[in-house]
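Quick notes on the structure that follows.
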Amino acid sequence: MKIQLDTLLRYIIYLQVFVSFSYQQDGLGIINIGIPLIIILGIERAFKKNVSINVFGEKKSWIAIYLFFIIAVLSGLITIFTNPNAVLSRYIGVLLSLLFLFLTYYLTSLINHNYNKSFVFISDFLNVCLLHSAFVILEFIIVSISGQNYISLIVGYTLSFFRLPTAVSWGDDSIVGRYKGILFEPGEVISFAIPAFTAFLALLFFDKNTKKTYCISKLIVLSMSVLLTGSSTGIFLMLAILLFFLIVSNIKLRNVGIMQIMLYIFVGGVAALLCAYLLFQYQDFLPLPIQERVISIGHYLESGVYDSETNISVMVYLNSLNSVLFTLKNNPIIGFGPGYFSIAHTSVIETINLKNFQGLEYLNQHDGYSMLLRLIVEFGIVGTITFLSIFYLRLSQAFKLFIFFQNQQYNKYSAMNNKAYKALLLTTSAASASLLHCLINKPSYWNMLLPILFGLCFKRGFTQELDFLTAKDRNSMFNSN
């Protein structure tokens, strides 16, 4: 029987509803429930014995991927031969997780070869995101009325039949005041809510043909779920992204170049600083878990030290940040290699002479607090830039088409092919937000959402499907500097 690749990819997306059933172990990553289907897709392509060179739209993407894995292999081998504490199995395990990340990206890009498919797949993803957010709100309502967290109890009872390792204990945790719906922790809600929130914001600000009430209703559900998680990262990102859209919606860009990228980075930085200021200024109005983080960060900024009374999440972040500083001093070019974040982490912890930590200083010692910090420690400056360039090359293709829409006759083009324009907005914004969230607060390479969303982004070949574009239009988009 012939495997329907489109159907398998849609199954993978909808399996993210049951992400709590993934194999997970604290500090060692989360093996997503959709990975078996990725393996099936990979085997199917292996029997075909052909690799699509233009699958990412830009051939430069292949060069970046090859270079990244060369750095990964080389940096890891150097550490193995020079450090007696380096564990070979950890090196191999992290390399496998990176292979699955890029295999997922490749297969999604291969299946998604026109904007119609892109629209279907991103719509599936947004449905999953809204479902998770709805469960968070439902959980809050149930706990508020009954005083019992029946959703958490039911999910925990169901998971007990599978006996999978889990990073958290499933039970009646309603007294905590943070809600997670059917996901395994409140922070995981952000992985779904923030990309969807950004996608609907893009429609609200840039698509004149979408009903405002449609976007606003979705944004209310998503923002409520973020607030109910009590996630400081989620609330920070939500505010920063909203401010970013308020600013860039009034900026008209003419092409995608270094100056334009710097402008976007500057705007993003201003939005981030403004959000940080607002969080510190109005911390009394924030949920208690976020207040604790803000107070701990403020104490560290004033004193330069942290101790066992520091909020655990803040402690983990500061340990990871100091691990980065250690790496930049000792091995800045290619880092310590995949799986060896703990080498820098342990070296930093040994310099901290504090009592009563009770082992808390070793939380996340293998993966850090964020993917950006982990990338710098494990792959150095060169490896980190190479990794990010892989996704930039995909986003730049989508941005070029978006800018073309904006600089030409917006109403005419969007009306002639509104589905293509919507797919462009939804995929580009969701993928960008997912990458931003991962860089800030999601260190595991066993990540399916990030490569899937980037695999759904527009690429050069999609423009062949847009009949209203002339050859001159296509040349002006991809040959301009």
Between Tyr340 and Val87, is there a donor-acceptor pair closer than 3.5 Å when you use the side chain of the first and the backbone of the second?
yes

Is the ring pair His345/Phe341 parallel, tilted or perpendicular, if the boundaries are 30 and 60 degrees?
tilted

Can you find a heavy atom in the side chain of Leu131 that is under 4.5 Å from one in the side chain of Asn127?
no

Mutual orientation of the aromatic rings belonging to Phe336 and Phe326 [parallel < 30°, tilted 30-60°, perpendicular > 60°]:
parallel

Is Lys442 reaching over with its side chain to a backbone N or O of Met371, donor-acceptor style, under 3.5 angstrom?
no

Looking at Ser434 and Ala430, would you say the former's side chain and the latter's main chain have a donor-acceptor pair under 3.5 Å?
no

Hey, what do you get for SG (Cys457) to CD1 (Ile452), rounding to the nearest 0.5 Å?
12.5 Å

I'd like to know whether Leu204 forms a side-chain contact (heavy atoms from CB on, under 4.5 Å) with Thr210, so could you lay out the CA-CA distance, the side-chain angles of the two residues, the decisive distance to 0.1 Å, and finally the verdict.
CA-CA 7 Å; Leu204 182 67; Thr210 298; over 6 Å; no

Please test Arg10 against Phe121 for side-chain contact (heavy atoms from CB on, under 4.5 Å), starting from the C-alpha separation and ending with a verdict.
CA-CA 7 Å; Arg10 297 190 72 182; Phe121 296 139; 3.5 Å; yes

Does Asn322 reach the main-chain N or O of Leu318 with its side chain, forming a donor-acceptor pair under 3.5 Å?
yes

If only atom types and distance count, is the side chain of Thr428 paired as donor or acceptor with the main-chain N or O of Ala398 below 3.5 Å?
no

With a 4.5 Å limit on heavy-atom distance, are the side chains of Ile235 and Leu227 in contact?
yes

Is the backbone of Tyr105 close enough, under 3.5 Å, to the side chain of Thr108 for a donor and an acceptor to pair up by distance?
no

Please say which of Phe391, Phe102, Phe56, Tyr106 ends up in a ring-ring contact (aromatic ring centres under 6.0 Å, His included) with Phe454.
Phe391

Examine distances only and state if a side-chain atom of His132 and a backbone atom of Gln16 form a donor-acceptor pair shorter than 3.5 Å.
yes

Without swapping roles, check the side chain of Ser370 against the backbone of Leu439 for a donor-acceptor pair under 3.5 Å.
yes

Within the distance-only criterion (no hydrogens, no angle test), does the side chain of Ser118 pair as donor or acceptor with the backbone N or O of Tyr115 below 3.5 angstrom?
no

Run the numbers on Asn441 and Ile190 for side-chain contact (heavy atoms from CB on, under 4.5 Å), then give the verdict.
CA-CA 10 Å; Asn441 192 23; Ile190 308 306; over 6 Å; no

State whether the side chain of Arg178 and the backbone N or O of Pro186 hold a donor-acceptor pair below 3.5 Å, judged by distance alone.
no

Can you tell me how far the CG atom of Leu237 sits from the OG atom of Ser232, to the nearest 0.5 Å?
9.5 Å

Atom pair CG/CG of Leu425 and Leu201 - distance to nearest 0.5 Å:
11.5 Å

Working to the nearest 0.5 Å, report the span between CD1 of Ile194 and CE of Met238.
6.5 Å

Rounded to the nearest 0.5 Å, how far apart are CG of Leu395 and CG of Leu388?
10.5 Å

Side-chain H-bond candidate by donor/acceptor type, Ser109 with Arg394, under 3.5 Å:
yes

With side chains defined as the heavy atoms from C-beta onward, is the minimum distance between Val377 and Leu373 less than 4.5 Å?
no

